[in-house]
Amino acid sequence: MQTVKYTFQPHGDDRGQLVALEEMKDIPFRIKRVYYMYDTGEGVVRGKHAHKSLQQILICIHGSCKISLDNGKEKKVIPLEKPYEGLYVSNTMWREMFDFSPDAVLMVLASELYDESDYIRDYDEFLKYVEQCGSEASGVEVSD
Ligand code: T46
C-alpha cells in the first residue's frame with residue numbers, strides 16, 4: 001500500500017522557518033476547514049473511523065505522533081515528526097492517530113466542512129463500503 005507524504009518547502013532565513021500552504025498548489029484540494037488537536041493524553045488513540053468523501057492533509061506542526069492507515073486490505077503506520085511534512089489521507093482510509101508526544105499539535109487541512117454523516121465509524125461497515133466503492137474512491141492517485 002502506498003501512502004503520500006508531502007515535504008513542504010520551508011522559507012528559512014536567519015529569523016527561522018516559515019511554511020506556506022496554498023490550496024490546489026501545495027495541497028491537492030480546496031481547503032474548506034482547518035482544525036487541530038493538542039494536549040492529547042498518554043496512550044490515547046484518536047480517529048478510528050473512515051470518511052465517505054473527505055480528503056485531508058495531516059501535519060504535526062509541533063511534537064510528534066503516528067498515523068495508522070488501513071485501506072481495508074493493508075495497514076501502514078506513518079510517523080509524523082516534522083512541521084514541514086504532510087500526510088495525505090483519502091476518504092476511504094480507516095485512520096487512527098496515536099503515540100502523541102505531550103507537546104504534539106496535529107493540524108488537519110480538510111476538503112469539506114464538518115459533516116457527521118460523512119463518517120464511517122463501524123469497521124465492518126467500512127470494509128463493506130470499500131468493497132462496494134472499489135476503484136471509484138476519489139482522491140490523489142497512488143499506485144502500488
Ligand atoms: C479525522 C481525524 C484525523 C467539530 O465540531 N468540528 C470538526 O471539524 C471536528 C473535526 C470535530 N468536531 C467535534 C466533534 C467531536 O465532538 O470535535 C469532537 C472531536 O471530534 P472527533 O472525535 O471526530 O475527533 P478525532 O480526532 O477522532 O477525528 C478527527 C476528525 O473528526 C476526523 O475527520 O479524520 O481527526
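If you read the sequence from its start, that first residue is 1, and numbering goes on from there. Indexing begins at 1, ligand by ligand and atom by atom, following the structure's order.
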Check whether the side chains of D118 and S53 place a donor and an acceptor atom closer than 3.5 Å, and report yes or no.
yes
Expected list for residues 57-69: side-chain donor-acceptor pairs under 3.5 angstrom, two or more places apart:
unit_1: H62; atom_1: ND1; unit_2: D103; atom_2: O; d: 2.9
unit_1: K66; atom_1: NZ; unit_2: D99; atom_2: OD2; d: 2.6

Can you list the residues that meet the side chain to side chain donor-acceptor pair (under 3.5 Å) rule with Q9, with sequence neighbours excluded?
none
Heavy-atom contacts under 4.0 Å to ligand 1, chain-then-number order, include exactly R33, Y35, M37, R46, G47, H49, H51, L54, Q56, R95, M97, Y114, Y119, R121
Kindly indicate, with the supporting measurements, whether the criterion side chain to side chain contact (heavy atoms under 4.5 Å, CB included) is fulfilled by L21 and L109.
CA-CA 10 Å; L21 302 174; L109 310 179; 3.8 Å; yes
Considering non-hydrogen atoms only, spot the tightest contact between P28 and Y6 and give its length.
CG-OH, 3.4 Å
Would you mind listing every ring-ring contact (aromatic ring centres under 6.0 Å, His included) that reaches into residues 93-120, with sequence neighbours excluded?
H49-Y119, H51-Y119, W94-Y123, W94-F126, Y114-Y119
